[in-house]
Amino acid sequence: MTYLFIADLHLSPDHPRLVRGFLDLLEAYKNKNTQLYILGDWFNAWIGDDYTAPWLDEIIRALKQFSNAGNHIYFLTGNRDFALGQQFLDQFNGQLLAEVCTLELSDHIIRIEHGDLLCTDDVSYQRFRKIIRNPLLLKFLKSTPLGFRQKLANGFRKKSRQAQQFKSYEVMDVNQDAVQAALKNVDLLIHGHTHRAKIHDVDGKKRIVLGDWKEDSAQILEINANDHLQNLALKKWQY
């Protein structure tokens, strides 16, 4: 059994190399009895499960083949694709996970999440996150026309880029108290979001930050059933 963790792909029709890299990954792990965990920001933006496009159809076909080969696909939402739901995942037998969840592997408990909840110093973002993810507001937005949602998503991305120009790296990174709280009852924490791929030691426990996908490579995590958690290393996926 292979457990594969990836995050921050930011797939879109504007970056075909990233799409190709993901499709190549599915092909490479198709015959490895793989449990694929996608920890948010799979897509650069997601305006609703009713969105369709040729570039997305190719991804869905590859995911169906991956699933039909006996592999499993799990997804938890990020800050760019929090509107993605089970309806989309049903097309290839994927499963939507809670924003924060745990899994057991070789008698160890692993916590997985996107990582934005750990960035508690970014107060303005956390306030916006709480508002935009309100179930009632989200339900209303999903009922609006696709064109309106697309314009809204473009506006959010533009404002986010502008806001980041005035924030320090420290503010946008994880808060150490939040990290220690997240690790309290688990053996390993895996997340993305910050785009700072690295394995950190936190009081004898590991915090593994997955890398964002560049134009030619990404930092991913592969765990096999007999691997010792203290010996884990990020793997460079090149495409």
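Everything numeric in this text was worked out from a predicted model, so none of it was measured.
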J.: According to the interplanar angle, ranging from 0 to 90°, do the rings of F92 and F88 count as parallel (below 30°), tilted (30 to 60°) or perpendicular (above 60°)?
T.: perpendicular
J.: Once rounded to the nearest 0.5 Å, what's the spacing between atom OG of S12 and atom CH2 of W46?
T.: 12.0 Å
J.: Would you confirm whether N71, through its side chain, and F66, through its main-chain N or O, come within 3.5 Å as a donor-acceptor pair?
T.: yes
J.: Checking E215 against H15: is there a side-chain donor and acceptor pair closer than 3.5 Å?
T.: yes
J.: Hey, what do you get for CG (D8) to CD1 (I38), rounding to the nearest 0.5 Å?
T.: 11.5 Å
J.: Less than 3.5 Å apart, any donor N or O on the side chain of N154 or Q150 sitting next to an acceptor on the other?
T.: yes
J.: What's the verdict on side-chain contact (heavy atoms from CB on, under 4.5 Å) for T144 and L152, showing C-alpha distance, side-chain angles and the deciding distance?
T.: CA-CA 11 Å; T144 60; L152 195 65; over 6 Å; no
J.: Between R149 (side chain) and I47 (backbone), is there a donor-acceptor pair under 3.5 Å?
T.: yes
J.: Is there a donor-acceptor pair closer than 3.5 Å between any side-chain N or O of Q126 and the backbone N or O of D116?
T.: yes
J.: Looking only at side chains, do N79 and H114 share a donor and an acceptor under 3.5 Å apart?
T.: yes
J.: Drop me the distance from K206's NZ to H200's NE2, to the nearest 0.5 angstrom.
T.: 11.0 Å
J.: CG/N68 to CG/N93 distance, rounded to the nearest 0.5 angstrom?
T.: 7.0 Å
J.: Is the cationic atom of K32 (NZ for Lys, CZ for Arg) positioned less than 6.0 Å from the six-membered ring centroid of Y29 and within 45 degrees of its normal?
T.: yes
J.: Would you say the side chain of Q35 lies within less than 4.5 Å of the side chain of Y37, judging by non-hydrogen atoms?
T.: yes
J.: Determine whether F43 and I59 make a side-chain contact, defined as any pair of heavy atoms from C-beta on separated by less than 4.5 Å.
T.: yes
J.: Is the shortest side-chain N to carboxylate O distance from K30 to E27 below 4.0 Å?
T.: yes
J.: Hey, is the main chain of D227 close enough, under 3.5 Å, to the side chain of N224 for a donor-acceptor pair?
T.: no
J.: Look only at the side chain of D216 and the backbone of Y239, and say whether a donor-acceptor pair between them is shorter than 3.5 Å.
T.: no
J.: Nearest 0.5 Å, what's the CZ-NZ distance between R17 and K214?
T.: 14.0 Å
J.: Give, for atom SG of C119 and atom CG of D173, the distance between the pair rounded to the nearest 0.5 Å.
T.: 6.0 Å
J.: What closest approach, in Å, do L189 and L118 show between heavy atoms, and which atom pair accounts for it?
T.: CD2-CD1, 4.1 Å
J.: Ignoring hydrogens and geometry beyond distance, is a side-chain donor-acceptor pair present between Y3 and E222 at under 3.5 Å?
T.: no
J.: Please indicate whether K142 has more than 12 foreign heavy atoms, meaning atoms of other residues, nucleotides or ligands, lying under 6.0 Å from its NZ.
T.: yes
J.: Kindly say whether V19 contributes a backbone atom to a donor-acceptor pair with the side chain of W213 at under 3.5 angstrom?
T.: no
J.: Quick one: does N231's side chain have a donor or acceptor within less than 3.5 Å of a partner on H228's backbone?
T.: no
J.: Where the side chain of D81 meets the backbone of W42, is there a donor-acceptor pair that is under 3.5 Å apart?
T.: yes
J.: Side chains of L4 and I220: does their closest heavy-atom pair fall under 4.5 Å?
T.: yes
J.: Hey, does I6 have a side-chain heavy atom less than 4.5 Å from the side chain of L39?
T.: no
J.: Counting N and O atoms only, with roles assigned by atom type, does the side chain of Q87 sit under 3.5 Å from a partner on the main chain of D50, one being a donor and the other an acceptor?
T.: no
J.: Side chains of R111 and H191: do they bring a donor and an acceptor to under 3.5 Å?
T.: no
J.: I'd like to know if the side chain of K205 reaches the main chain of L183, judged simply by a donor and an acceptor atom lying under 3.5 Å from each other, with no hydrogens or angles considered.
T.: yes
J.: Does the distance from a Lys or Arg side-chain N to an Asp or Glu carboxylate O, for D187 and R207, drop under 4.0 Å?
T.: no
J.: Taking NZ, NE, NH1 and NH2 as the nitrogens, is one of them in D122 or R129 under 4.0 Å from a carboxylate oxygen of the other?
T.: no
